[in-house]
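Have a look at the structure below, then the notes.
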There are 2 protein chains.
Amino acid sequence: MSLSTPAAATEVPAGQRDRATHELRDRLIDAALVEFAASGFDGASTRAIARRAGAHQPQINYHFASKEDLWKATIERLLSEFDELIPLLAGAPPRDQFAAVIRALVEFAAIRPELNRIMIHEATSSSDRLEWLVETHLRWRAGPLLEVWDEVVAVGGAAPVPRELVYHLLIGASALLNANAPEARMLFGIEPTDACIVAAHADALVAMFLPTHP
Amino acid sequence: MSLSTPAAATEVPAGQRDRATHELRDRLIDAALVEFAASGFDGASTRAIARRAGAHQPQINYHFASKEDLWKATIERLLSEFDELIPLLAGAPPRDQFAAVIRALVEFAAIRPELNRIMIHEATSSSDRLEWLVETHLRWRAGPLLEVWDEVVAVGGAAPVPRELVYHLLIGASALLNANAPEARMLFGIEPTDACIVAAHADALVAMFLPTHP
DNA sequence: GTCTATAATTAGATAGAC
DNA sequence: GTCTATCTAATTATAGAC
């Protein structure tokens, strides 16, 4: 009926309508994730998000209850992508598990810098959004990571990093290069998403966090 | 005359006037640095900054040409504080120099998290502000750091980190814990500015970047 | 579901009295 | 230098025709 209905016609009307809905909803999230990552929650405007999605601004309030609701949807989209990449290595030696997590973090930061950008923006001050982020998404994900670290420390071959600091040292060292990629490009003329940079980055962190690793 | 004129009366009128001016200008920067750090450039409002400084919003445009001008003044204030803390160790062994820089970075991130917060906000997307930051303040400060790193690598005892990555790995690992202190407090119940945490943080980074260090 | 129009609020900046 | 009042533009969200 309108210019935003995409291809793939031959289908039940109801299904078609649902499909169209989801597609704009998804496009809005795609656009929001970039804008929120670039400017933070307050700095990003719903108009800019709608424009990037090729939609009109009021459509955001049709598909989402509020700007904050859209923000939460983008977080959940990004975290589900994140979870797909994170390896499940229960049973493997602790150091192999932790090394695999390091590599996955570095890789994800390169292909999807937006998640870390949004989190870094959000965590600079207390807010209801940060509390929501921590309590519903971060705490249960961080727990297992620290437990694996404890095991690595017990087994030996871990850098002398206290468990309360591992999370932020690891996220900082793995995420900042890509979260702040525009700065890295200007300062050093590098492209942080290049495969060789990603590999060197991951190797460096594995060597630093797991020093006696082969 | 008004409720915002501070104490300290017995002085020359001219001197008093200059003092008052500089005091408000400084208070505005003090306030701006907190607001910009918490919300980013777009997210911070001049009204909130003025309120925090105990002034009225139009006074910002009296003491500064624009919001951007105020932002630049806060950067320069923060960087001058930073420079006071950074050690000048020319002549010392490269590894001692680099270890001292690591410790200074960690310490500064703890006592003045605002600089890293602002930079992290700003560097998530290209902008004239980021270019100004990189070209007038970051490049010449980063250069010597990389040169010291090269020397450490040459001497031996450095982690296998390519020179183009050292900067962001080091800043990320040293700054994020305090830049995102509200998150660290919620997640782990720690206070990242505590002296023991700062010391443990610095020790960990020295051990990781300079593995064969005593 | 989409679109135009608009309400209600807030933004940065300026004018002018004091 | 300070303060009140205000301008212009931009913000999120809603109403209602289609």
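Just so we're on the same page: letters track the sequence lines, and every chain starts at 1.
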- Message: Whether A/Lys72 and A/Glu76 form a salt bridge (side-chain N of Lys/Arg under 4.0 Å from carboxylate O of Asp/Glu) is what I want to check.
- Response: no
- Note on the structure: Sorted by chain and residue number, the ring pair (Phe, Tyr, Trp, His ring centres under 6.0 Å) partners of A/Phe64 (sequence neighbours excluded) come out as none
- Sorted by chain and number, sequence neighbours left out, ring pair (Phe, Tyr, Trp, His ring centres under 6.0 Å) with B/Phe98 holds for B/Trp149
Proximity to the side chain of [X] - top-ranked nucleotide from [options]:
X       : options               : result
B/Gln59 : D/dT14, D/dC3, D/dA13 : D/dC3
A/Ser66 : D/dT2, C/dT2, D/dA13  : D/dA13
B/Pro58 : D/dT2, D/dT14, C/dT14 : C/dT14

Give the rounded distance in Å between these two atoms: [atom1] of [X] and [atom2] of [N].
X       : N      : atom1 : atom2 : result
B/Lys67 : D/dT8  : NZ    : P     : 21 Å
B/Ile60 : C/dA13 : CD1   : C1'   : 11 Å
A/Asn61 : C/dT6  : CG    : C1'   : 14 Å
A/Tyr62 : D/dA13 : OH    : P     : 17 Å
B/Arg51 : C/dT10 : CZ    : P     : 10 Å
B/Gln57 : D/dT8  : CD    : C1'   : 13 Å
B/Glu23 : D/dG1  : CD    : C1'   : 14 Å

With sequence neighbours excluded, what pairs up with [X] under the salt bridge (Lys or Arg N to Asp or Glu O under 4.0 Å) test?
X        : value
A/Glu191 : A/Arg185
B/Asp194 : none
A/Glu81  : A/Arg112

- May I ask you to list the residues of residues 40-50 of chain B, by number, that have any heavy atom positioned under 4.0 Å from an atom of DNA chain C? B/Ala44, B/Ser45, B/Thr46, B/Arg47
- Proximity to DNA chain C (any heavy atom under 4.0 Å), residues of residues 117-127 of chain B only: none
- Message: Going by side-chain hydrogen bond (donor to acceptor under 3.5 Å, both in side chains), name the residues that satisfy it together with A/Thr124, two or more places apart in sequence or in a different chain.
- Response: B/His121
- Message: Please confirm whether the shortest side-chain N or O distance from B/His56 to OP1 or OP2 of D/dC3 is below 4.0 Å.
- Response: yes
List, with names and distances, any nitrogen or oxygen atoms from the protein found under 3.5 Å away from nitrogen or oxygen atoms belonging to nucleotides 16-18 of chain C.
none

- Query: Which residues pass the side chain to side chain contact (heavy atoms under 4.5 Å, CB included) test with A/Ala50, sequence neighbours left out?
  - Reply: A/Gln57, A/Ile60
- Scan for side-chain hydrogen bond (donor to acceptor under 3.5 Å, both in side chains) pairs involving residues 165-178 of chain A, sequence neighbours excluded, and state none if there are none. A/His168-B/Glu183
- Query: Which value, rounded to the nearest 0.5 Å, describes the distance between A/Trp71 atom CH2 and A/Arg129 atom CZ?
  - Reply: 6.0 Å
- Task: Sequence neighbours left out, what pairs pass salt bridge (charged side-chain N to carboxylate O under 4.0 Å, His left out) with at least one residue falling in residues 34-49 of chain A?
- Result: A/Glu35-A/Arg52
